[in-house]
Amino acid sequence: MGVHPGTLEAATEASGTTGRIASIDALRGLVMVLMLLDHLRETWFLHVPVADPMDARTALPALYLARLAVSLCAPIFIVLTGVAAYLFSTRHTLAETRTYLVKRGLVLMALEVFYLSELYWGVASPTLWLQVIWCIGVCMIVLAVLIGLPRSVLLAVGMLLVCWHNLLDSIQLRPDDPFFAVWAMLHQRDVIALPFGLVAKTTYPVLPWIGVIALGYAIGPWFLPGVATGTRERRFAVVGVAMLVTFALLRLMNGYGDNPRFVVDDSALRTAMSFFALTKYPPSLLFLLLTLGIFKRQPELTPSRHEDLTPMPVSSPRRAWGWGR
């Protein structure tokens, strides 16, 4: 991608730093705290019928706000996985990076299918939940294919998938249609019948998330030690503000990018809630503009010898991510 592996290594040697990029790990940790709070909410109401916490007409405002806050989790984890993949590639060959992405991706997919899904079987019928761990694994494998492209092309692919995938919303296949299972995993949240009475639920259709991880890889050079902190922060500020302004304009236009917002009679609060009640499964353009737009400013970064691609900052939270929806 135009950066020789020795560039990052030389900068790291000069800094005398052998740690990871502290700001990335800090952001991952903050997002994980939000995620755990949301899982506490799910556990607390496990046996209590609760309406959709993002339904502006019926949701308790406190639950709505809690769910809105944790909307940051998946987008930030996946975009940072793309960033980490780029940083890894600066110290490894293309073949080594691809192998690492594929191996990690397969491990995450297997973890979701053969371990984490079974944890739900005590409270639900036997189902393979293709959730966020599965999604990250698939995205890593697809990214392994894409990273050979020029950075400008990869950036264009990411923007195309993020910005225009909602044009595909009208394509709804039935279980007996050809390619139903493939389309359900890509863009249509649905249930796939499997042998032996099992079903798979495609909670996280992966197509727009592939765009997110591609964009993360494309902005990876912003995190190199040679990029001045002020330059990096200005870039994040400009991009973040542009995304948030675009979100506001599209939402006010009430056309493309998500389900229309609405007015709730005699309730200014619920009308405002509808403005931010966005679609996550799969993530709409407006959902990604809002959540990734907030991810717009990075503090001082510490040059790193190695950036782990595991989408969490410590060893145990992979178990916690397995409970995510």
Side-chain angles (χ1 to χ4, degrees), residues 34 38 41-42 45 49-76 78-79 130-132 135 158-174 177 180 183-191 201-212 215 239-296 324-325:
L34 294 175
D38 187 54
R41 172 192 62 82
E42 288 191 344
F45 290 101
V50 177
D52 179 0
M54 292 302 294
D55 188 337
R57 292 185 178 90
T58 60
L60 294 174
L63 291 180
Y64 169 91
L65 290 174
R67 185 61 177 169
L68 182 63
V70 300
S71 296
L72 297 169
C73 294
I76 291 180
I78 293 178
V79 77
L130 307 184
Q131 299 192 98
V132 67
C135 175
M159 293 185 66
L160 177 68
L161 293 177
V162 167
C163 294
W164 299 109
H165 76 90
N166 284 118
L167 292 175
L168 305 173
D169 290 348
S170 61
I171 302 177
Q172 296 290 314
L173 301 184
R174 297 174 298 181
D177 289 332
F180 166 76
W183 187 240
M185 288 187 283
L186 284 175
H187 199 260
Q188 178 178 320
R189 193 184 191 199
D190 217 313
V191 178
K201 291 193 174 182
T202 58
T203 306
Y204 271 74
V206 300
L207 189 61
W209 295 116
I210 292 171
V212 173
L215 292 177
V239 173
V241 170
M243 294 179 75
L244 293 177
V245 169
T246 303
F247 161 78
L249 291 175
L250 288 175
R251 198 57 168 157
L252 288 171
M253 292 170 62
N254 215 23
Y256 179 75
D258 209 314
N259 296 323
R261 58 183 174 85
F262 49 83
V263 175
V264 179
D265 294 335
D266 301 323
S267 178
L269 173 61
R270 293 194 177 276
T271 298
M273 288 167 59
S274 75
F275 193 86
F276 297 98
L278 305 171
T279 303
K280 183 180 178 181
Y281 308 107
S284 67
L285 168 61
L286 293 183
F287 176 90
L288 293 174
L289 285 173
L290 178 63
T291 54
L292 294 178
I294 294 172
F295 170 62
K296 67 180 181 180
R325 289 190 178 183

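Minimum heavy-atom separation, S71 to T291: O-CG2, 3.5 Å. Scanning both residues, R261 and L252, for their nearest heavy atoms gives NH2-O, 2.9 Å. Here the closest non-hydrogen pair linking R57 and V264 is CG-CG2, 4.5 Å. Summarising the geometry of P208 relative to L288, their closest heavy-atom pair is CB-CD1, 4.5 Å, with the distance given to 0.1 Å. A pairwise comparison of heavy atoms in L285 and H165 identifies N-NE2, 3.9 Å as the closest pair. Nearest heavy-atom pair across L207 and H187 is CD2-CD2, 4.1 Å.
In this structure, S274 contributes its side chain and A56 its backbone to no donor-acceptor pair below 3.5 Å. Looking only at distances, a side-chain donor or acceptor of R251 sits under 3.5 Å from a matching main-chain atom of F275. No donor-acceptor pair under 3.5 Å is formed between the side chain of R270 and the backbone N or O of D265. In this structure, Q172 contributes its side chain and D169 its backbone to a donor-acceptor pair below 3.5 Å.
Aromatic ring centroids of F287 and F276 lie 6.0 Å or more apart.
Considering T279, L68, L278 as possible partners of M54, the one that fulfils the side chain to side chain contact (heavy atoms under 4.5 Å, CB included) test is L68. Paired with L244 under the rule side chain to side chain contact (heavy atoms under 4.5 Å, CB included), one option of L292, L290, L249 passes, and it is L290.
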Inset, instruction - Begin with the C-alpha distance, continue with both residues' side-chain angles, and end with the deciding distance and a verdict on side chain to side chain contact (heavy atoms under 4.5 Å, CB included) for C135 and I78. - result: CA-CA 9 Å; C135 175; I78 293 178; 4.1 Å; yes

Inset, instruction - May I have the step-by-step check of side chain to side chain contact (heavy atoms under 4.5 Å, CB included) for Q188 and T202, ending in yes or no? - result: CA-CA 8 Å; Q188 178 178 320; T202 58; over 6 Å; no

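Contact of the T58 side chain with the D52 side chain is not registered, since no non-hydrogen atoms from C-beta on lie closer than 4.5 Å. Counting only heavy atoms from C-beta outward, the side chains of M159 and L215 approach each other to under 4.5 Å. In this structure the side chain of L72 never reaches within 4.5 angstrom of the side chain of F295, judged on heavy atoms. For the pair L130 and T203, the minimum side-chain heavy-atom distance is 4.5 Å or more. Contact check for W209 versus P283: side-chain heavy atoms found under the 4.5 Å cut-off. Proximity of R67 to L63: side-chain heavy atoms (C-beta onward) are nowhere separated by under 4.5 Å. You'll find the side chain of D55 stays beyond 4.5 Å of the side chain of M273, heavy atoms only. Side-chain contact check for R189 versus K280: every heavy-atom pair is 4.5 Å or farther apart.
Between Y256 and W164, the ring-plane angle classifies as tilted under the 30° and 60° cut-offs.
By the salt bridge (Lys or Arg N to Asp or Glu O under 4.0 Å) test, D177 is found to be paired with R174, residues two or more places apart in sequence or in another chain being considered. Legend: residues meeting side-chain hydrogen bond (donor to acceptor under 3.5 Å, both in side chains) with S284, ordered by chain and number and at least two apart, are D258.
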